[in-house]
There are 2 protein chains.
Amino acid sequence: MAADSTVQRQSGVALWRQIADRIRASIAGGDYDESGRVPPETVLAAQFGVNRHTVRSALAALAREGIVRPVQGVGTLIERKERLNFPISRRTRFIEGLGSQARETEGLLLQSAHEPASADLARRLGVPEGASVIRLETLRKADGRPVSRATAWFPAERFSGIDEAYRDSGSITAAFRRLGLADYVRVSTEVTASHAESGDMKDLDLSAGAVVLVTRSLNADPEGVPVQYAVSRFPADRVQFTVEN
Amino acid sequence: MAADSTVQRQSGVALWRQIADRIRASIAGGDYDESGRVPPETVLAAQFGVNRHTVRSALAALAREGIVRPVQGVGTLIERKERLNFPISRRTRFIEGLGSQARETEGLLLQSAHEPASADLARRLGVPEGASVIRLETLRKADGRPVSRATAWFPAERFSGIDEAYRDSGSITAAFRRLGLADYVRVSTEVTASHAESGDMKDLDLSAGAVVLVTRSLNADPEGVPVQYAVSRFPADRVQFTVEN
DNA sequence: GCAAATTTGTTCGTATGTATC
DNA sequence: GGATACATACGAACAAATTTG
């Protein structure tokens, strides 16, 4: 096969990283499902039009991430491939949305704080600017792997104690219920994507250059009164969203 | 201000590129709207904890993209800030969705072909495997800037001639109408994100390491019969989606 | 108009990372 | 593994343009 020319030199992104990203995407996309392994290094080197050493750097990075495992004399075996699907709808819930895709999920409270609402946040939550809000920093895992890192704000007056309720239950839905809110609906969701930042790398176990999906979502009670605004970050190679209309 | 430490060394992604991405996102997010310019190089260097030269490399990249313009003795002025918003709903239309966000839009037909439906595509379109489908490769621009690169499939039997109809009108909605389909609805949308591939770099005018949002969408006629399945790729620094529930 | 402060532009050198052969 | 070429990043200056007092 001729050189792929799908990697760019002098772009500020090292060739080994571009190739690692491409191979990771191919694994997630199921391109190597039949053999369960990555093509030989010499084949990959020819495909991408680079030296075999460069491919080895890429595979070493994937091995550090736990995605592949090289076996001398055999090849580079695929250890893990996964992409969780999150439905986005009026009934969007984190845990139920995952359904049978994960055996067990957990929600960790990293940090909580009371603070005054910024102008932007106040507008979204429908409270006066400077009104007290509770901020929760959460990390959600599925089968032990981090799948989202979220910052969520709640009106403090109405949801006093939601920090402990979340810490105990590991679930927004359960925390709301404990505070007397039996139901809520997703009003809107903004979806963007960007590169992983330092917080993402640490909490979501990503490497620099990885892609994160970012949602900014607003939840309201059945009467339409805003109850939660959240910014959530998902590793793009492990997560996708679906919108059913 | 102390070093930001949100950029990572020895990650395979050059510092200047990480910083360029961050500044571009800040511009798109409106962080510098008051002054209309980027903070001075020395300030940015302190923020990111890097040498001023490194910041200059980042700003030079943004200047090549036409996003900023440096003026000696004054500062680095913001030339263009844009992030188009695409609403995703049952009534999702490309052109109407943009609304007043762009003065003029165009849809280019890059290529068209008749081909047999793969198993996966046949299932989605509700036709027999191997049935003839028409594939359109399109590039959509807003105010001259590319905003999406899409591959769309249509049942050939029902929509014969949609390739010419699209080439003439530059619009899926108009092409459907010319073929007698007055209305259609968005059934579902999958959203993922990944790194730009070679086609993205060429058609969407992106550099390696850039982030693209990818949607896989299904449209149906008012009776619910599938009429179009499409895979669309959007530059993540110029586009976001919103889901209103 | 002049001087000071601010900000981008340029040029050295040096060290390290990346990629090839 | 070793040699080589180039890209990346830092540091310390100094120059040029603009704004401010």
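Protein chains get the first letters and strands the later ones, always in sequence-line order, with residue 1 at the start of each.
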With respect to the phosphate group of C:dG9, does any side-chain polar atom (N or O) of B:R56 fall under 4.0 Å of OP1 or OP2? yes

Nearest whole Å is fine: how far is D:dA7 P from B:Q18 CD? 19 Å

Taking N and O atoms by type only, does the side chain of B:H53 place a donor or acceptor under 3.5 Å from a partner on the base of C:dT11? yes

Calculate the interatomic distance between B:R37 atom CZ and D:dT18 atom C1'; express it in whole Å. 10 Å

Give the rounded distance in Å between these two atoms: CZ of B:R69 and P of C:dG9. 11 Å

I want to verify a distance call: between C:dA19, D:dT8, D:dT18, whose nearest atom is closest to the A:W16 side chain? C:dA19

Between D:dT8 atom C1' and A:R17 atom CZ, what is the distance in whole Å? 16 Å

B:Q72 CD to D:dA16 C1', in whole Å, measures 4 Å

Please check if the side chain of A:Q18 supplies one atom and the backbone of A:V13 the other of a donor-acceptor pair under 3.5 Å. yes

Selection from C:dA19, C:dC21, D:dC10 that lies nearest to any side-chain heavy atom of B:L15: D:dC10

Heavy atoms from C-beta onward define the side chain here; which of C:dG9, C:dT20, C:dA19 lies closest to that of A:N51? C:dT20

Excluding sequence neighbours, so at least two apart, what forms side chain to side chain contact (heavy atoms under 4.5 Å, CB included) with B:S171? B:I95, B:S169, B:T173, B:A174

Scan the side chains in residues 59-71 of chain B for donor-acceptor partners under 3.5 Å anywhere in the protein, sequence neighbours excluded, and list what turns up.
{"from": "B:E65", "atom 1": "OE1", "to": "B:R24", "atom 2": "NE", "distance (Å)": "3.0"}
{"from": "B:E65", "atom 1": "OE1", "to": "B:R24", "atom 2": "NH2", "distance (Å)": "3.3"}
{"from": "B:E65", "atom 1": "OE2", "to": "B:R24", "atom 2": "NH2", "distance (Å)": "2.8"}
{"from": "B:R69", "atom 1": "NE", "to": "B:E79", "atom 2": "OE2", "distance (Å)": "3.2"}

Strictly by modelled atom types, are B:R140 and B:S148 linked by a side-chain donor-acceptor pair under 3.5 Å? yes

Given C:dT8, D:dA9, D:dA12, the nucleotide with the shortest approach to the side chain of B:R52: C:dT8

By the 4.0 Å heavy-atom rule, please label B:T76 as base, sugar-phosphate, or nothing. sugar-phosphate

